[in-house]
Amino acid sequence: MASATSVTATGPSPATAADEAGARGGVVVRRPVRALAAHVGERVELRGWVHQRRDLGGIQFLHLRDGSGLVQCVFEGVPPPLHESCVAVRGRVVENASAPGGLEIQADALEVISLATAPPPVELAKEAFHANPETLLEYRHITVRGLRAQATLKVQAELVRAFRAFLHERDFTEIFTPKLVAAGAEGGANLFEVDYYGQRAYLAQSPQLYKQIMVAVYERVFETAPVYRAERHHTSRHLAEYLSLDVEFGFIEDDGDVMDLQEALLKAMVEAVAATCRRELDLLGAALPDTGVTFPRVPLLEARRLVLERYGHQTGGKDLDPEAERLIGRWAEEEHGSDFVFVTHYPRAARPFYTYATADGSTRGLDLIFRGVEITSGGQRVHEHAMLLRELRERRMDPAAFAGYLDVFQHGMPPHGGFAIGAERLTALLLGIPNVRFARAFPRDGSRLHP
Ligand code: AMO
């Protein structure tokens, strides 16, 4: 084994065509960890962070972490610098079944690029054993570098990429709507108030009204943006700021079209993650749902009856409580082998004013439950001006607060519908992460404004 000496760094860019040409001439090419399997036997350069280090009597084991993963580097010499220091390592890629990922670097050069001057508040290699999630969140600006956080947020990025790609392919246009608004779209008391040049404004609870308005421009639209809910309750599924993946489209027949699109989209998102995130899924021990199964569709009243008769759980009120959601999810799994189930025909009282109401007092509003938790809401919307006005009045809401939005319905709105996915809930449930906070880089919850 060679001993590590200093190497001269050549700038932070990843491998380029020029590097490749150089490699043939004997120059060492920089590689990301994820690409190493294709370069066994070659000499490479890696750049990243000191994740873990061990000195075994002068033989050094360095776990180097970069943006794509972790690899073990072995060399003789002085120990590597403090955890989280940035280093460059050069050496040969060899197979080693007992090393993480089955590969290691037999290193001959180590260079410090940026020395860590203080130990990290939580040693990231021991993150998984850290008992207190509050500590992990308190130091999230550092702990977000940990492999589990890195993998979780990578999967989320892939989910969002697949969401966009699927919708672009179907002629949807991406929109960007305001997050400072004059009125709440979703009702309820969970609005963040903002001083807008002396006027009262709110942080948007959802892009709902704007995405409907934009249907009259492009017919099919989507948005991926944060939304705000001043949730008072601390639960494992609520954030004060979350990423809402919104879809809205026109000229639909009914809520069946909304479910068809939603099902195809979610299957495409899961399949994209299966294709691109194998390493992350393995690291997190996550099992993806079977995309070959059709999502069952169950009216709310039927769902209530099922959870009562089958599991003895009585739900009152106008909605499903979390336990009933869990049980209807269990029923879908047991009865249909599906991790997903649509619950349809919610009563008017359980849905916002823009939901299309039917003569029987129910609506074309629906939720999608994934592994026992609601991950989307949506349905068909009201598209007639008179009906919308009636909905507002009957709910004692002031039509003046929705003046511009209401106007739109006097100028030709097609039957339309849509839905919104809570990105953190979907990510957490997909990956088996028990608390939605760990599916956001810097969660905002009932008490947290830092980091
Ligand atoms: P809703 O309010 O049900 O519907 O929200 C849609 C989805 O967003 C997620 N979600 C949340 N995630 C984290 N923290 C929260 N506090 C939180 N609240 C909601 C859930 C939920 O299913 N305008 C409608 C959507 C539509 O009809 O198109 C809406 O916002 O996954």
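Counting from 1, the numbers follow the sequence of the chain as shown. Both counts, for ligands and for their atoms, begin at 1 and track the order of listing. A quick note: this is a predicted structure, and the numbers were derived from the prediction, not measured.
Under a 4.0 Å heavy-atom criterion, Q205 is not in contact with ligand 1. The shell of residues lying under 4.0 angstrom from ligand 1, judged by heavy atoms, includes T376. For the ligand labelled ligand 1, residue G378 lies inside the 4.0 Å heavy-atom shell. At least one heavy atom of E186 sits under 4.0 Å from some atom of ligand 1.
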What do the steps show when you test Y405 against Y354 for ring pair (Phe, Tyr, Trp, His ring centres under 6.0 Å), and what is the final call? CA-CA 11 Å; Y405 170 75; Y354 52 76; 7.8 Å; no

side-chain hydrogen bond (donor to acceptor under 3.5 Å, both in side chains) between Y228 and E241, worked out: CA-CA 5 Å; Y228 301 89; E241 178 183 57; 2.9 Å; yes

Under the criterion ring pair (Phe, Tyr, Trp, His ring centres under 6.0 Å), I'd like the reasoning laid out for H336 against W331: C-alpha separation, chi angles, the key distance, then a yes or no. CA-CA 8 Å; H336 296 270; W331 168 83; 5.0 Å; yes

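E134 and R448 are joined by a salt bridge, as a carboxylate oxygen and a charged side-chain nitrogen come within less than 4.0 angstrom of each other. Using a 4.0 Å cut-off between charged nitrogen and carboxylate oxygen, K179 and E223 count as a salt-bridge pair. Remark: K267 does not engage E271 in a salt bridge, criterion side-chain N to carboxylate O under 4.0 Å. The pair E84-R65 meets the salt-bridge criterion, with a side-chain N (NZ, NE, NH1 or NH2) lying under 4.0 Å from an Asp/Glu carboxylate O.
In this structure, R351 satisfies the cation-pi test against Y346, with its NZ or CZ atom closer than 6.0 Å to the six-membered ring centre and inside 45 degrees of the ring normal. By the 6.0 Å and 45° rule, R220 does not stack over the aromatic ring of F222.
Taking only nitrogen or oxygen atoms, main chain and side chain alike, I375 reaches within less than 3.5 Å of ligand 1.
Of the heavy atoms in K211, only side-chain atoms (C-beta onward) come closer than 4.0 Å to ligand 1. If you look at F370 next to ligand 1, there are no close heavy atoms at all, none under 4.0 Å. With a 4.0 Å heavy-atom cut-off, ligand 1 is reached by the side chain of S206 but not by its N, CA, C or O. When heavy-atom distances to ligand 1 are checked against a 4.0 Å cut-off, R425 comes that close only through its side chain, counted from C-beta outward.
Annotation: atom 4 (O) of ligand 1 to nearest protein heavy atom, S377 CB, 3.5 Å. With respect to atom 6 (C) of ligand 1, the closest heavy atom belonging to the protein is A420 O, 3.7 Å. Regarding atom 2 (O) of ligand 1, its nearest protein heavy-atom neighbour is R229 NH1, 2.8 Å. Atom 16 (N) of ligand 1 has L239 O, 2.9 Å as its closest protein atom, hydrogens excluded (heavy atom only). Nearest protein heavy-atom contact of atom 5 (O) of ligand 1 is Y242 OH, 3.5 Å. Among all non-hydrogen protein atoms, the one lying nearest atom 24 (C) of ligand 1 is Y354 OH, 3.4 Å. Nearest protein neighbour of atom 22 (O) of ligand 1, counting heavy atoms only, is E374 OE2, 2.4 Å.
Numbered from 1 in the order shown, with element, the atoms of ligand 1 that lie under 4.0 Å from a heavy atom of R237 read 13 (C), 14 (N). Close approach to E231 involves these atoms of ligand 1, each under 4.0 Å from a residue heavy atom: 16 (N).
No donor-acceptor pair under 3.5 Å is formed between the side chain of E193 and the backbone N or O of R200.
Distances from atom 27 (O) of ligand 1 to the heavy atoms of E248, R381, R440 show the closest one on R381.
For E334, the side chain to side chain contact (heavy atoms under 4.5 Å, CB included) partners two or more places apart in sequence, or in a different chain, are R310, Y311, R330.
Every pair passing salt bridge (charged side-chain N to carboxylate O under 4.0 Å, His left out) that includes a residue from residues 202-216 is listed here, sequence neighbours excluded: K211-D246, K211-E248.
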